[in-house]
Amino acid sequence: MDQDALAELLSDTTEPSDVGQSQQLDSPLHSYSFVTTQNAPGCTQQQRLLSSLNDHSLVNLVNSYEAPQPAKRSLLEHESDDDEQNWDSNISHLSSHQNNVNFDVIDDESPTVASPSIVATSGENSDDDQPITDAHPRVASNINFGDYGQYFSDKKVLQQDRDQYMKKLYQNALNDGKPFPPVFKDCIIYINGRTDPDRLQLHQKIILYGGQFMHFLSGKTSVTHIIASNLTAKKRVEFQKYKVVTPQWVTDSIAANKRLPWQDFALITGDDDQGKLKLTKAKPPKGEPNVEDKNSENTLDCNHPDFLRSFFAKSRLHHLSTWKADLRALFCERYLEHSNIQGITENESVAIFHIDFDCFFATVSALSDPRYRLYEDPLAVAHGNNSSEIASCNYVARSFGVKNGMWVRSARRLCPKLVCMPYNFEQYEVNSKLLYQILAETHFFDMILPVSIDEAICVKRVSTFTGFHDVQGQCEMVTQTIRQQVFDATNGCTVSIGCGPSLVSARLALKDAKPNGKRVIMNLTNETELDNFQAKFPLNDLPGVGFSIVHKIRQQLFPDASTTPTIGDLKAKSTLKSLTSILGTKTGRKIHLFLSAKDDEENSRILRNPLDFFARKSISVDINYAIRFDSIHDIDDFIDRVCEHLTSKIHDLGMVTPQVTLKIMRRCEHAPIEPAKYLGSGECDTFSKSSRFGIPTDEIGLIATEIKSSFRMLACPPKDLRGLAVQLNKLEMKATRNYQKKLPFGDAILTGDSNIPVLKPNAFHSMPRILKEDVRSEFTKRHLQIPPSPTRNLTVSVSPVKEYWDRFGKSTKDSFKQELPSTLDEDFMRNLPPELQREIKRDHAIVKKTRNSVRKGNVIKDYGTTNSPLSLRSTLEEIEQFQSLERPRDIYHLIGTWIDQTITVGPHADDLDLFDRYLDKLVLKRKTNRALQIARTMSCRLEYHAAFTSSESKGRQEWEEYLLRRMIPKLNSSCSFRTPQVQFEI
DNA sequence: CGCTGGAGCCAG
DNA sequence: CATCGCTGGCTCCAGCG
């Protein structure tokens, strides 16, 4: 590093953690395929666009969503002629690849340039990974990264090739292969120092929009623009003659779709002796608006309506989860489009490629700022400096013993010089996309299975290799090509690849390859060889084997071992029988198979039937951070917001749920009120409670009410709540015929200007979520009225039943006041009806668990009465219709059918009497939960009909009348009769 | 025996 | 200032009829 750069570095006092906090907002890259489906952070361009529209256009824009939404774009999609081959079975054989390896896909105009990957793959027995790993066989400090950089900087042609290649990749990945407008045509741009958005993002933007990028300022003459956020005094003088602009020039030009005059963004103004920054109109690079933003963000506590959004925006784990879900959804979409893809059958031999970025977050974050030296300094990605968790650390840090998930404070004890870098979620997405793009373009694999943002499993049938010879060699070649391409495309991110005949072996090979290497073991054909290869790995390298399983195995089979046993150790010491007895049938069997490098049935599902494997079965929100509530009402509001989030999602997915689960974390009795980690949950007990709807629903009112009621059942004092999760289970597709029909508020009209078109009620709610939020705020800003969500509207204005229900639900709120007895009086218990006994036992169990804070083996029993098969013995004689029914769901179904069939004429009085008697029985038997559930089912059903029948419908009115006047009061009285005895506490 | 709800585990 | 401890899927187990 030269003196100037050093001086600049030292003069820059901003903490690294400030870098890149807000840069995701402005990127043009945010709008591609999977990112948009989730809660991508707000998008200023979009907001800008919206606010530029007049009311008329805005409403029209929203209305356009009444039509079916355009299909999401795929990250695996590209538009070239051979598109179809993407997922096809082995259309392009390796032989054609050998010709293509030279990157002539990149740029046909310069085929003469030797590609580095040719060097790497040309040697037949070259086991080394040139040029990436050759000079740096193992760990970081040896890696001669500079050589590679030099390689590019010396050869401008190559540099441009690479940019062209990247441009093409980006276009494919981000813009359906179409070029972006050439905003920076004829510009040759150099970036100086640290910038916001960071260097990597600016680079991408510049080349995407037609500019040329200079990595080094050696030949200053050719550079037309220099981008910098800040300049040292010395640089200021040095750059006097250049067009030095702020990064905003780039972002604003792109937003404006044309190159804006550089003078407006000049960093050095001629008449400014003090070198004061010229702050440009929209947003200064660093300054007050940012600070304000941060402050307001920081003050968001869990009561703030935007808390969820702001928390999610910064949570690595949330990002990981949503990325994964998105990738899975995308896979299914693609899979369905290409019906010719076949799962792998049991008898087929395959080569599995397990591909994974090396310390992904750390690498990407490090590359975004030239001050971070990835291969020399110990680096980690984390938010804070003490009890902040390390999301990812580079291999230098690992050599000190630093591990992912460690708190920064403890890591610093191992490695005092550890440098913390900020997250850069947007760039992670971009680089991930590039990986998947490259994998797809390779046209080598039969399937590309997403594992996560930084990891994929690729499959190739052995039978589809060219000839049958040298499978090993072909695999090695393809791994090396991929590694090289990813390295180039991502500006220096390395992937490691493990390749083997099974999922397990590929995974272990990957472990062997890391960091920055490849390991192909397709040549280990007989069992002994494979065994020998596997023997050295520690047990926890096996998939699905974590802390707990290792612990159990150690305890039972290696009581004296001081370290984690290896696969070889376990294989020598265990039998199928011993494993299943220690770990259970399935787990034991699975591990037993793993010991011979075989995949078990469950693991193979991803190969056999990927669609089934990736299908979404549940959806949930977990928040176990910053949860601090004072009152149950605040919690109710929070639950509402969580449910809103979830229902909005399943609504977008067109799904409904028959079962919801609430899971809470409650501060352990002995745990301090505030744990070591700021706003952390500390040590907690967890409790969960699930309940079912008679008919699957996506209705927020029902779901939220149910969850709130579950929360009360769990009887957690609001102040002790430290975490809350809501899950919608057993998701199913909503029947499509519904909801297309006319809804009762179809004539909803926007107030005000009569020239403004009528807003179609469905339209707003059919918009993609990311758009919805901005449109909503835009509407609010203009005092335009947004129609309520169809489902919610029903609950509010159409169905008094619902309203009643809400009140009914709330009526239980204040009734759990008394303390539970610390021990149960046996006599007292014996004299109670069994149902009640169970209920009290359950409550007692909660208290006991809470008191003891026992972590394991303290299962709460008799939890759900809602779904235990109904004891119909006494009701059977009287109610013929229920005779054959044993399961609650059948009962709900019957009631649903009953309502459906009588919705126009109303229920028959005799039937109602019969039904009344049935309810009486339930009440008498204290099965109020069941009765409650039935009422809920009926309410739900009636609301459903309310959507399609006129409010005059006599039959429906009768039904509602019955529900309101007879059924609910009956349940209410039974409920108030019951609650004092149940003795919850709040 | 098969089913269910709750808890636990694991991965990234 | 801290700091952002998610989420989906499988398995195990006890209890029920």
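Small disclaimer: the values here were computed from a predicted structure and weren't measured. Here is how names work: the chains are called A, B, and so on, in the same order as the sequence lines, proteins then strands, and each is numbered from 1.
- The side chain of Lys586(A) lies closest to dC12(C), out of dC12(C), dG8(C), dG5(B).
- Annotation: ring-ring contact (aromatic ring centres under 6.0 Å, His included) contacts of Phe613(A) (sequence neighbours excluded): none.
- Judged by distance alone, the side chain of Ser392(A) and the main-chain N or O of Ala362(A) form a donor-acceptor pair under 3.5 Å.
- Between Ser388(A) and dC4(C), a side-chain N or O to OP1/OP2 separation shorter than 4.0 Å is present.
- Contacts classified as side chain to side chain donor-acceptor pair (under 3.5 Å) and involving residues 599-615 of chain A (residues at least two apart or in different chains) are given here: Glu602(A)-Arg605(A), Arg605(A)-Asp612(A).
- Between Arg507(A) and dG12(B) there is a side-chain polar atom (N or O) within less than 4.0 angstrom of OP1 or OP2.
- The side chain of Lys314(A) lies closest to dC4(C) when the candidates are dG5(C), dC4(C), dT11(C).
- Between the side chain of Ser688(A) and the base of dG5(B), no donor-acceptor pair under 3.5 Å is found.
- Here Lys677(A) lies in heavy-atom contact (under 4.0 Å) with a base.
- We find that CD1 of Ile650(A) is positioned 16 Å from C1' of dG8(C), with the value rounded to whole Å.
- Here Arg605(A) lies in heavy-atom contact (under 4.0 Å) with sugar-phosphate atoms only.
- The side chain of Leu320(A) has dG12(B) as its nearest neighbour among dG9(C), dG12(B), dC6(C).
- Remark: side-chain polar atoms of Arg507(A) are paired, donor with acceptor, to backbone N or O of Asp541(A) under 3.5 angstrom.
- In this structure, Gln727(A) reaches neither bases nor backbone, as no heavy-atom distance under 4.0 Å exists between it and the strands shown.
- Regarding Asn540(A), its CG atom lies at a distance of 8 Å from the P atom of dA11(B), rounded to whole Å.
- Each of Ser387(A) and Lys590(A) was matched to the nucleotide of DNA chain C holding its nearest heavy atom; the match closer to the 5' end belongs to Ser387(A).
- Under a 3.5 Å cut-off, the side chain of Asn404(A) and the backbone N or O of Cys393(A) do form a donor-acceptor pair.
- Base engagement by Asp622(A) is indicated by at least one non-hydrogen atom pair under 4.0 Å involving a base atom.
- Looking at the side chain of Lys689(A), the nearest of the listed nucleotides dG9(C), dG6(B), dA2(C) is dG6(B).
- Residue His318(A) places none of its side-chain N or O atoms closer than 4.0 Å to OP1 or OP2 of dC4(C).
- Taking only side-chain atoms of His383(A), from C-beta outward, the nucleotide of dC10(B), dG12(B), dC4(C) with the closest atom is dC4(C).
- Judged as a salt bridge (charged side-chain N to carboxylate O under 4.0 Å, His left out), and not counting sequence neighbours, the contacts of Asp358(A) are Lys514(A).
- Straight-line distance from the CG atom of Asn385(A) to the P atom of dT3(C): 7 Å, rounded to whole Å.
- In DNA chain C, runs of at least 3 stacked Watson-Crick or G-U pairs (N1-N3 plus N6-O4 or O6-N4, or N1-O2 plus O6-N3, all under 3.5 Å) give these stems: B:1-12 with C:6-17.
- In this view, Glu455(A) and His354(A) satisfy the side chain to side chain donor-acceptor pair (under 3.5 Å) rule, not counting sequence neighbours.
- Between Arg316(A) and dC6(C), a side-chain N or O to OP1/OP2 separation shorter than 4.0 Å is absent.
- Checking the phosphate oxygens (OP1, OP2) of dT11(C), no side-chain nitrogen or oxygen of Thr587(A) falls inside 4.0 Å.
- Using a 4.0 Å heavy-atom distance criterion, Ala615(A) is classed as a sugar-phosphate-only contact.
- Across the protein-nucleic acid pair, Tyr678(A) atom OH and dC1(C) atom C1' stand 8 Å apart, rounded to whole Å.
- Atom CH2 of Trp323(A) is separated from atom P of dT7(C) by 13 Å (rounded to the nearest Å).
- Positionally, the nearest nucleotide of DNA chain C for Ser321(A) lies more toward the 5' end than for the other of Ser321(A) and Gly588(A).
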Apply side-chain hydrogen bond (donor to acceptor under 3.5 Å, both in side chains) to residues Gln727(A) and Ser618(A) and explain how you reach the verdict. CA-CA 7 Å; Gln727(A) 306 163 6; Ser618(A) 76; over 6 Å; no

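- Dashed line: the shortest gap from a side-chain N or O of Gln659(A) to OP1 or OP2 of dG5(B) is under 4.0 Å.
- With rounding to whole Å, Leu583(A) atom CG is found 19 Å from dC10(C) atom P.
- As judged by a 4.0 angstrom heavy-atom cut-off over every strand, Ser315(A) is placed among residues touching the sugar-phosphate backbone only.
- Using a 4.0 Å heavy-atom distance criterion, Gly546(A) is classed as a sugar-phosphate-only contact.
- Close to dC9(B), at under 4.0 Å from its OP1 or OP2, lies a side-chain N or O of Ser548(A).
- Rounded to a whole Å, the CG atom of Asn729(A) is 12 Å from the C1' atom of dT4(B).
- Here Thr661(A) lies out of heavy-atom contact (under 4.0 Å) with every strand.
- Among the protein residues, Glu389(A) comes within range of the nucleic acid bases, having at least one heavy atom under 4.0 Å from a base atom.
- Residues that satisfy the ring-ring contact (aromatic ring centres under 6.0 Å, His included) test with Phe360(A), not counting sequence neighbours, are Phe357(A), Tyr428(A).
- A straight line from CG of Leu542(A) to C1' of dA11(B) spans 14 Å, rounded to a whole angstrom.
- Side-chain N/O atoms of Ser690(A) include one lying less than 4.0 angstrom from OP1 or OP2 on dG6(B).
- When heavy atoms are screened at a 4.0 angstrom cut-off, Asn404(A) is found touching no nucleic acid atom at all.
- The side-chain heavy atoms of Ser496(A) and Asp356(A), taken from C-beta on, include no pair separated by under 4.5 Å.
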